[in-house]
Amino acid sequence: MSGTYLGMPAFPRAAATATRDTRLRANLTHATRTIRDKRAKAVAELDDWAELRAAGAAVKDRTLRHLDHYLEQLEAAVTAAGGQVHWALDADEANRIVTRLVRETGETEVVKVKSMATQEIGLNEALARAGIRAYETDLAELIVQLGHDRPSHILVPAIHRNRAEIRDIFRREMASWGRPAPEGLTDSPAELAEAARLHLREKFLSAKVGISGANFMVAETGTLVVVESEGNGRMCLTLPETLISVVGIEKVVPEWQDLEIFLQLLPRSSTAERMNPYTSTWTGTTDGDGPQTFHLVLLDNGRTDTLADTVGRQALRCIRCSACLNVCPVYERAGGHAYGSPYPGPIGAILTPQLRGLAGPLEESLPYASSLCGACYEVCPVAIDIPEVLVHLRERVVQGGPVTLGGTRTVLQPAKGHAAERAAMRAAGWAFDHPGALRTGMRLAARTRRLHPRRLPGPGRVWSRTRDLPEVPAESFRDWWQRTRGTSSGRGTWAEPGTSSEPGTSSEQRGDAK
Amino acid sequence: MSSRDLVLARVRQALADVPGGEGPGDGGTGGQGSAGPPVVRDYHRVHGSRTQAQTVDLLAENLADYRAIVHRTDAEGLPGLIGRLLAERGARSVLVPPGLDASWTTGADVTLVEDRVSSTARELDRVDSVLTGCAVAVAETGTLILDAGPGQGRRRITLVPDHHLCVVRVPDQVVGSVPEALPRVAPDRPLTWISGPSATSDIELDRVEGVHGPRTLEVILLSAAQRAD
Ligand code: SF4
């Protein structure tokens with residue numbers, strides 16, 4: 001993945017720093033609670049939500065099981081409609097392709113629609129090295145870019161910034177990127193948005209190259225779909241002469257009709273709206289309307305490795321709605337930066353280690369960045385069982401096992417000298433220092449328990465029998481806490497396997513595993 | 001091997017667990033093992049049952065809920081209404097797509113600017129308002145769908161000016177739901193779905209209308225002419 005996040009400390013350390021930042025926590029708490037409540041209302045409006053969710057998951061699963069077929073179909077349809085399709089195995093190759101395509105236009109500036117895929121590959125930095133300036137045009141991305149910052153939320157990347165900070169960033173930085181902030185700019189959201197409008201309009205009206213991602217690609221028709229609110233997407237997709245879209249191979253859906261599912265699931269899950277203000281679809285190029293040159297760069301970058309893992313594969317269903325972030329007690333405390341990749345929160349905790357192949361301390365610690373309360377699974381519009389994948393990845397970290405890395409099947413060794421367990425313990429230690437996160441997690445867990453079977457998947461069952469990690473609620477977390485920590489004031493200690501004397505879920509769990 | 005072939009080869013290798021007999025279109029029955037994941041479309045085509053008039057009312061309600069300004073009139077009242085709305089905004093120039101019904105603008109005292117392939121984005125930026133029709137409107141979500149048809153023009157014209165006036169013929173251009181809308185538009189045309197004016201919630205999740213697209217969206221629900229009886 002991108003160089004942007006290399007050198008990030010492992011999750012527990014980054015999270016510990018973040019939780020000490022009271023302003024960050026106040027911003028995050030306000031934002032996630034607001035959006036969480038709104039989402040619940042928007043979802044409750046549809047009495048067939050469960051059916052839509054099941055259909056969304058099924059369409060994505062079907063697609064993933066025949067991804068080669070749908071990618072070839074997509075390529076043929078895009079090409080027939082006048083587009084050019086490129087394939088990139090990894091971030092470097094994708095960056096090289098995009099850089100070359102921009103150079104061929106003779107331009108040195110591009111306007112960008114917010115896109116997770118281009119953040120993942122570090123495209124802006126790669127373009128900068130080639131002397132090409134990329135302007136982010138989504139308001140939040142603009143705030144992040146001007147603030148020399150990193151995004152911390154999938155949907156609202158500047159969620160960690162409040163209005164006063166944004167005003168300061170605009171006043172300080174806008175002039176060096178183009179039109180300066182208006183005189184006497186206050187911190188009212190309307191004025192800040194207006195400042196961004198004026199600042200960026202110059203770019204939109206003169207840009208010759210636009211770069212985007214896509215929310216969906218329809219194999220049957222070759223259509224790409226971008227869902228947005230501000231109209232910056234429409235600007236970038238419509239006004240430039242050349243459009244380059246960088247899209248992960250998992251974003252394909254089979255048929256036009258499938259959009260009826262996702263265009264209902266996505267807006268309500270992400271912004272809690274019945275429909276987002278703008279949705280753009282295009283199929284290749286259209287004479288006299290919009291860009292006359294269209295390039296689609298299909299990105300692997302660890303996705304085929306993820307696809308090879310039959311438990312972890314479901315992470316590729318993700319439609320990046322961010323609902324799981326907003327309900328996650330750990331995310332709310334730790335903030336998005338702690339996850340060390342453009343994908344924060346529960347989805348980041350399972351996607352990043354898979355895309356990067358459990359390659360280092362950060363990736364090894366991410367599967368522990370969770371209380372396994374199950375709230376993320378409950379809100380996920382495509383029913384990704386994030387707790388199941390987390391437990392599966394914990395097992396990989398601790399016990400090793402078969403994985404695919406760079407397309408090659410291999411056997412991952414258990415981390416040497418119990419490094420993995422140390423990573424896990426650090427994560428656990430972090431959680432113990434932040435009992436608020438745990439309490440929230442437990443409350444949610446209690447509420448969702450009925451909905452969420454506690455049995456761990458296949459090999460995880462064996463593993464949980466012998467390794468009773470604190471976050472695995474083989475017994476209720478509260479019981480475990482009382483038993484191991486209730487009277488002690490020291491750091492959390494490792495619970496020895498099989499020491500619970502309590503009946504109930506814990507012994508059922510073990511009974512299952514035998 | 002090209003990267004294309006490598007990616008496809010990796011995909012195929014990754015899918016070694018998928019039974020060879022399972023085709024991409026299989027699985028509708030949801031049977032054992034090799035059938036693959038069934039896609040059951042047992043969600044609603046439309047939510048609830050409504051008369052045509054109620055569907056139009058719901059459209060108006062949801063449009064207004066997302067801060068579009070909604071007006072109603074019939075063919076006879078349309079030119080006057082359009083003239084009045086443009087005058088109230090002080091609009092002096094109005095972009096019109098080539099195929100727009102010429103009678104719509106007869107009551108407006110404004111300069112009509114026709115969009116041409118050669119007009120630049122800067123020229124469009126100097127125009128006060130844009131007037132278009134639409135292809136389909138979705139009641140449940142309060143969405144207008146433009147498909148670049150004759151009365152709608154290129155995508156950019158409803159994007160650059162700050163004021164968009166959109167005429168929807170009711171009830172024939174109104175559908176209830178997203179599943180009812182998709183079959184009515186052609187995927188090979190560029191589509192723009194519009195639900196309220198441009199908006200952002202990026203600053204402390206406060207919704208602000210109008211960042212980069214039109215800050216004001218006015219929708220005219222145009223009913224068939226009243227019969228004199
Ligand atoms: S994992 Fe599910 S809830 Fe989280 S962002 Fe992806 S689709 Fe949304």
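Remember, predicted model here, so these are calculated numbers, not experimental data. As a basis for the values below, the full set of heavy atoms in this structure was taken, side chains included, without hydrogen atoms, waters or symmetry mates. Protein chains get the first letters and strands the later ones, always in sequence-line order, with residue 1 at the start of each.
- Residues satisfying the ring-ring contact (aromatic ring centres under 6.0 Å, His included) test with B:H212, not counting sequence neighbours, are A:F204.
- The pair A:D48-B:R45 does not meet the salt-bridge criterion, since no charged nitrogen lies less than 4.0 angstrom from a carboxylate oxygen.
- Between the side chains of A:D47 and B:H47, no donor-acceptor pair is found at a separation under 3.5 Å.
- Neither the backbone nor the side chain of A:L298 comes within contact range of chain B; no heavy atoms are under 4.5 Å apart.
- When heavy atoms are compared at a cutoff of 4.5 Å, A:S206 approaches chain B by way of both its backbone and its side chain.
- Within the 4.5 angstrom heavy-atom criterion, no atom of A:A54 approaches chain B.
- Residue B:R92 qualifies as open at atom CZ: its count of foreign heavy atoms under 6.0 Å is 12 or below.
- Looking at A:D300, the atoms closer than 4.5 Å to chain B (heavy atoms on both sides) all sit in the side chain, from C-beta outward.
- Looking at A:E45, there are no atoms closer than 4.5 Å to chain B (heavy atoms on both sides), in backbone or side chain.
- Neither the backbone nor the side chain of B:S118 comes within contact range of chain A; no heavy atoms are under 4.5 Å apart.
- Only the side chain of B:T143 comes within less than 4.5 Å of a heavy atom in chain A; its backbone stays farther off.
- Chosen from B:V11, B:V138, B:V208, the residue pairing most often with chain A at heavy-atom distances under 4.5 Å is B:V11.
- Top candidate by heavy-atom pairs under 4.5 Å with chain B, chosen from A:S229, A:A88, A:A55, is A:S229.
- Counting all heavy atoms, side chain and backbone alike, B:P19 lies closest to A:R65 at CD-NH2, 3.6 Å.
- Nearest heavy-atom pair across B:I203 and A:P189 is CD1-O, 3.8 Å.
- Taken from CG in A:L89 to CZ in B:R4, the straight-line distance is 13.0 Å, to the nearest 0.5 Å.
- By the 6.0 Å contact criterion, CZ on B:R169 is open, its count of non-hydrogen atoms from other residues, nucleotides or ligands being 12 or less.
- Both the backbone and the side chain of A:S280 come within contact range of chain B, with heavy atoms under 4.5 Å apart.
- Contacts of A:L198 with chain B are absent, with no heavy-atom separation under 4.5 Å from either backbone or side chain.
- Counting only distance, with no hydrogens or angles, the side chain of A:R409 and the backbone of B:A14 share no donor-acceptor pair below 3.5 Å.
- When the ring-ring contact (aromatic ring centres under 6.0 Å, His included) test is applied to A:Y278, no partner is found at least two apart in sequence or on another chain.
- Residue A:E202 qualifies as open at atom CD: its count of foreign heavy atoms under 6.0 Å is 12 or below.
- Using a distance-only test at 3.5 Å, with no hydrogens or angles considered, no donor-acceptor pair links the side chain of A:W256 to the main chain of B:P187.
- With a 4.5 angstrom heavy-atom cutoff, A:L259 touches chain B via backbone and side-chain atoms both.
- Under the 4.0 Å criterion applied to side-chain N and carboxylate O atoms, A:E51 and B:R41 are not assigned as salt-bridge partners.
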Set out, in order, the CA-CA distance, both residues' side-chain angles and the distance that settles side-chain hydrogen bond (donor to acceptor under 3.5 Å, both in side chains) for A:E230 and B:S198, then state yes or no. CA-CA 5 Å; A:E230 295 173 8; B:S198 157; over 6 Å; no
Side chain to side chain contact (heavy atoms under 4.5 Å, CB included) for A:T238 and B:R154? Distances and angles first, verdict last. CA-CA 9 Å; A:T238 309; B:R154 273 177 278 273; over 6 Å; no
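- Only the side chain of B:A148 comes within contact range of chain A, with heavy atoms under 4.5 Å apart.
- Using a 4.0 Å cut-off between a side-chain N of Lys or Arg and a carboxylate O of Asp or Glu, B:R10 and A:D305 do not qualify as a salt bridge.
- The candidate from A:E220, A:K38, A:R197, A:M235 with the greatest count of non-hydrogen atom pairs under 4.5 Å with chain B is A:R197.
- Remark: B:R156 CZ to A:R234 CZ distance equals 12.5 Å, nearest 0.5 Å.
- Ion pairing between B:E140 and A:R274 fails under the 4.0 Å rule for side-chain N and carboxylate O.
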Hey, mind stepping through A:R313 and B:L15 against side chain to side chain contact (heavy atoms under 4.5 Å, CB included) and telling me if it holds? CA-CA 10 Å; A:R313 177 182 297 166; B:L15 294 173; 3.8 Å; yes
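- A donor-acceptor pair is defined here as one N or O able to donate and one able to accept, closer than 3.5 Å; such a pair exists between the side chain of B:R155 and the backbone of A:D289.
- Here the straight-line distance linking atom CG of B:D125 with atom CG of A:L239 works out to 10.0 Å at 0.5 Å rounding.
- When the candidates A:L263, A:I159, A:N162 are compared by the number of heavy-atom contacts under 4.5 Å with chain B, A:N162 comes out ahead.
- Under a 4.0 Å N-O distance rule, the pair A:E194/B:R215 qualifies as a salt bridge.
- Residue with the most contacts toward chain A among B:L217, B:V117, B:I194: B:I194 (heavy-atom pairs, distance under 4.5 Å).
- Counting non-hydrogen atoms of neighbouring residues, nucleotides and ligands closer than 6.0 angstrom, the CG atom of A:D287 reaches no more than 12 such neighbours.
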Chi angles and distances behind the side chain to side chain contact (heavy atoms under 4.5 Å, CB included) call for A:N232, B:V211: CA-CA 8 Å; A:N232 66 307; B:V211 192; over 6 Å; no
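- A:A81 does not touch chain B: none of its heavy atoms, backbone or side chain, sits under 4.5 Å away.
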Run the numbers on A:Q264 and B:Y43 for side-chain hydrogen bond (donor to acceptor under 3.5 Å, both in side chains), then give the verdict. CA-CA 11 Å; A:Q264 294 190 77; B:Y43 46 85; over 6 Å; no
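- To the nearest 0.5 Å, atoms CG (B:L8) and CG (A:L67) are separated by 8.5 Å.
- Counting heavy-atom pairs under 4.5 Å between each of A:H30, A:R161, A:E72, A:E93 and chain B puts A:E72 at the top.
- In this structure, the portion of A:L200 lying under 4.5 Å from any heavy atom of chain B is its side chain and not its backbone.
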A:H66/B:E22 under side chain to side chain contact (heavy atoms under 4.5 Å, CB included): CA gap, chis, key distance, verdict: CA-CA 9 Å; A:H66 299 281; B:E22 179 186 316; 2.8 Å; yes
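- Of the listed residues (B:D188, B:N62, B:L146), the greatest number of heavy-atom pairs within a distance under 4.5 Å of chain A belongs to B:N62.
- The residue among A:R163, A:R303, A:H69 with the most heavy atom pairs within less than 4.5 Å of chain B is A:R163.
- Contact of the B:R122 side chain with the A:R201 side chain is not registered, since no non-hydrogen atoms from C-beta on lie closer than 4.5 Å.
- Of the residues considered (A:T279, A:T304, A:T283, A:D309), A:T279 shows the highest number of contacts with chain B, using heavy-atom pairs under 4.5 Å.
- Residue B:S177 holds its OG atom at 10.5 Å from CG of A:L46, rounded to the nearest 0.5 Å.
- Both the backbone and the side chain of A:L139 come within less than 4.5 Å of a heavy atom in chain B.
- To the nearest 0.5 Å, atom CD of residue B:Q13 and atom CG of residue A:D68 are 12.5 Å apart.
- A distance-only check finds a donor-acceptor pair linking the side chain of A:R62 to the backbone of B:P24 [under 3.5 Å].
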